**Q** 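Before anything else, here's the structure in question.
All ligand and atom numbering here is 1-based and tracks the order in the structure. Note that the structure is a prediction, hence the values are computed from the model and not measured.
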Amino acid sequence: MRTIACALMFSAAIAATAQQKPIILHDAALVDGTGAQIRPHVDITLHKGYIESVKPAFKKAPKDADIIDCTGKTVIPGLISAHSHLGILLDNATPSANAYTTENVTAALNQFERYGVTTIVSLGLNRDLVYELRDQQRAGKLGGATLLTAGRGFGVPNGAPGLDVAPDQIYRPANADEARKDVNELAGHHADLVKFWLDSGHGKIPPMDPAVYTAILEEAHKHHMKVAAHVYNLADARSLVNANIDILAHSVRDQAVDPAFAQSLIAHKIWYIPTLTLDETFYVYASDPDVMKSSFFQQAAGPQLLAKLQAPDYAEKTLASPQTEQAKKDHEIAMKNLKTLYDAGVSIAFGTDSGAVPGRIPGFTEHRELEDLVAAGMTPLQAITLATGENGRLLHELNPKLSVGLIKQDYSADLLILSADPLMDVRNTRHIEAVYHHGVLVPNTPPQN
Ligand SMILES: [Zn+2]
């Protein structure tokens with residue numbers, strides 16, 4: 001799967017590692033991202049940014065390699081978020097139309113990477129600056145989590161998304177012709193996919209006209225671009241399936257899904273991203289303040305957000321809000337629907353909506369999402385597989401040059417060394433001893449507790 005184009009794409013990152021000797025992660029327990037059970041006593045060799053080999057642990061150390069003893073450690077692939085956002089919040093805490101700056105976006109990409117999320121899809125609400133940053137990153141001039149982007153994304157005039165962003169962070173076409181023109185502009189930027197919002201906010205805002213989303217889908221598919229949709233209710237999700245959507249970017253949350261719906265997703269090869277933490281972040285810091293205790297959380301949140309969440313009246317106000325009651329219901333339904341769809345065999349991807357609102361914290365929220373997937377009835381191995389190998393499969397569909405999500409020969413050397421076994425307790429993904437991204441050790445990994 002490793003191609004010349006792929007090697008060129010990350011040329012500078014590779015240049016940085018080209019002179020280095022291979023690195024052998026020696027005697028690790030391996031969770032490789034395929035869903036296979038843990039494999040003890042494995043040597044993983046990283047070279048020039050890629051996984052060179054995965055073999056039984058050596059008895060006699062080879063020469064000309066740097067050896068890192070991983071006895072008692074578990075290695076998993078770098079996590080991937082297929083639904084995140086950049087440049088919406090200042091300091092993780094304050095929505096601002098001025099937040100989409102190189103400095104702020106770069107800080108978020110670095111935070112994702114430090115927390116072991118080595119690839120993200122920024123699913124809409126990006127200024128066109130995103131294409132420059134992506135180019136710089138591909139040229140090896142900018143670090144942080146590998147970035148794929150849907151560019152601006154498509155909302156509705158006076159409708160969704162109701163976030164405080166700059167006008168050049170979103171297209172709001174008034175009709176199908178405008179939508180087609182905007183998709184062509186997006187295709188000209190080589191966006192990795194297309195995103196639109198279909199949501200009437202419980203009947204309070206105008207939903208997207210089906211003629212507009214049909215035009216978006218047709219035009220995007222002409223350009224061989226996949227399309228993801230923000231969705232909330234089952235009726236809308238059904239309409240989108242019939243309109244040839246590729247990715248449902250959130251859970252269905254108004255009612256239980258049925259087997260016929262599951263079968264339609266399978267038949268049309270549609271991906272479903274549950275984003276379970278999305279609803280939870282509206283209330284969890286009030287209902288379960290222990291979530292905020294760890295340094296692992298606090299460092300990700302940062303002082304401004306912590307001050308908001310720990311303010312004396314925050315918990316009381318949040319728990320009394322009607323939005324909380326709704327979000328709790330939505331979360332419950334999302335968990336049940338995930339289990340139904342997963343058991344039916346639907347392709348489930350992994351994403352969090354991190355970066356969209358305060359409390360959905362880049363890097364931390366992905367670890368919390370793993371915990372929520374397990375709470376919804378998945379095993380830790382199944383949850384980790386969604387965030388790694390399965391998401392890698394989705395990203396490979398978006399960009400065939402990208403081989404991420406598995407610890408397998410010729411895949412990008414993106415991985416986490418954990419000091420505790422995440423299959424025993426999924427929260428052990430937080431015990432990060434080291435993160436490697438393109439075979440390079442990432443500095444400043446977070447505190448483990
Ligand atoms: Zn989103």
**Q** Is a salt bridge present between Asp343 and Lys339, judged by a nitrogen-to-oxygen distance below 4.0 Å?
**A**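 A salt bridge links Asp343 with Lys339.
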**Q** Can you list, by chain and residue number, the protein N, O or S atoms under 2.8 Å from the Zn ion (ligand 1)?
**A**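 The answer is His83 NE2, His85 NE2, Asp353 OD1.
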**Q** What distance do Leu278 atom CG and Arg253 atom CZ have between them, rounded to the nearest 0.5 Å?
**A**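 Separation between the atoms: 5.5 Å.
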**Q** Salt-bridge test for Glu280 and Arg360: reply yes if a basic N is under 4.0 Å from a carboxylate O, no otherwise.
**A**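 No salt bridge links Glu280 with Arg360.
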**Q** With a 4.0 Å cut-off on N to O distance, would you call Lys226 and Asp192 a salt bridge?
**A**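 No, this pair does not count.
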**Q** Who passes salt bridge (Lys or Arg N to Asp or Glu O under 4.0 Å) against Asp288, sequence neighbours left out?
**A**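 Checked Asp288 against salt bridge (Lys or Arg N to Asp or Glu O under 4.0 Å); zero matches.
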**Q** Keeping Asn92 on the side-chain end and Ile361 on the backbone end, is there a donor-acceptor pair under 3.5 Å?
**A**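 Side chain of Asn92 to backbone of Ile361: no pair is present.
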